[in-house]
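Just so we're clear, the structure is a prediction, and the values are computed from it rather than from any experiment. For this chain, numbers begin at 1 and follow the sequence in order.
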Amino acid sequence: QVQLVESGGGLVQAGGSLRLSCAASGRTFSSYAMGWFRQAPGKEREFVATISWSGSNTAYANSVKGRFTISRDNAKNTVYLQMNSLKPEDTAVYHCAARRDYTGSYYISPYEYDSWGQGTQVTVSS
């Protein structure tokens, strides 16, 4: 397993932008598919975006498609989530997750991941 640490959250006005980062420990980061999930108070954890180990395959939740972009830098052991045109409904704790993968796939269900970060709070004010 890898250890994951998120950063970059904060308070932003609606329409603003934030870039989240997730730094992973270990030398095998490029062997992992990565995902971003979020959880708002009183709600279940929901899928946001995912990226394959090479970065060539990505997928997004419909609610963020066209506004958020997931990317990764395997040399820096880091995955990013660029969030633009933020809305109050994007307010949540954002978690990154990792799953070892050699097939080039990505994963949407949280149950398919075996390593999680502690999360970073994103608050969007109206």
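To the nearest 0.5 Å, atoms OH (Tyr102) and OG (Ser30) are separated by 9.0 Å. For the atom pair CG of Leu20 and OG of Ser7, the computed distance is 8.0 Å after rounding to the nearest 0.5 Å. For the atom pair CD of Glu6 and SG of Cys22, the computed distance is 5.0 Å after rounding to the nearest 0.5 Å. Atoms OG and CG, from Ser21 and Asp73 in turn, are 10.5 Å apart once rounded to the nearest 0.5 Å.
Using a 4.5 Å heavy-atom cutoff, the side chains of Ile70 and Val79 are in contact. Between Val124 and Gln13, every side-chain heavy-atom pair lies at or beyond the 4.5 Å cut-off. Side chains of Phe29 and Val2 form no contact here, defined as non-hydrogen atoms less than 4.5 Å apart. Side-chain atoms of Phe68 and Leu86, non-hydrogen and from C-beta on, do get closer than 4.5 Å to each other. When side chains are defined from C-beta on, Asp90 counts as touching Arg38, because their heavy atoms get closer than 4.5 Å. Between Leu18 and Val122 there is a side-chain heavy-atom pair separated by less than 4.5 Å. A heavy-atom distance below 4.5 Å is not found between the side chains of Thr123 and Val12. Side-chain contact check for Arg72 versus Thr78: every heavy-atom pair is 4.5 Å or farther apart.
Checked by atom type and distance alone, the side chain of Thr50 pairs as donor or acceptor with a backbone atom of Met34 at under 3.5 Å. Side-chain N or O atoms of Glu112 include none that pairs as donor or acceptor with a backbone N or O of Arg99 at under 3.5 Å. Although no hydrogens or angles enter the test, the distance criterion places a donor-acceptor pair under 3.5 Å between the side chain of Thr120 and the main chain of Gly9. The backbone N or O of Asn77 lies less than 3.5 Å from no partner atom in the side chain of Asn74, so there is not a single donor-acceptor pair.
Between Ala14 and Pro88 the shortest heavy-atom distance is CB-CD, 4.1 Å. Of all non-hydrogen atoms in Gln1 and Ser115, the two that sit nearest each other are CB-OG, 3.4 Å. Closest heavy-atom contact between Ala33 and Ser105: CB-O, 3.7 Å. Across all their heavy atoms, Val93 and Gln121 have their closest contact at CG2-OE1, 3.2 Å. In this structure, Gln39 and Lys43 approach most closely via the heavy-atom pair NE2-O, 3.1 Å.
Judged by the 6.0 Å and 45° rule, Arg19 forms a cation-pi pair with Tyr80. The cationic group of Arg100 does not satisfy the cation-pi geometry with Tyr113, failing either the under 6.0 Å distance to the six-membered ring centre or the 45° limit from the ring axis. Cation-pi check for Arg45 over Trp116 is met; the charged atom lies under 6.0 angstrom from the ring centroid and within 45 degrees of its normal.
Linking ILVMFWY side-chain heavy atoms closer than 4.5 Å, directly or via other members, places Val48 and Ile108 in two distinct hydrophobic clusters. Using a 4.5 Å cut-off between side-chain heavy atoms of Ile, Leu, Val, Met, Phe, Trp and Tyr, with links allowed through other members, Phe37 and Ile51 fall into different hydrophobic clusters.
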* Evaluate the criterion side chain to side chain contact (heavy atoms under 4.5 Å, CB included) for residue pair Ser17 and Gln82; output intermediate values, then yes/no. => CA-CA 8 Å; Ser17 298; Gln82 177 66 45; 4.0 Å; yes
* Mind running side chain to side chain donor-acceptor pair (under 3.5 Å) on Tyr106 and Asp101 for me, showing each step along the way? => CA-CA 8 Å; Tyr106 55 70; Asp101 177 78; over 6 Å; no
* To do: Could you walk me through whether Thr91 and Glu89 pass the side chain to side chain donor-acceptor pair (under 3.5 Å) test, one step at a time?
  => CA-CA 5 Å; Thr91 295; Glu89 51 263 43; over 6 Å; no
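Within a 6.0 Å radius of CH2 in Trp36, other residues, nucleotides and ligands contribute more than 12 heavy atoms.
A distance of 6.0 Å or more separates the ring centres of Phe47 and Tyr60.
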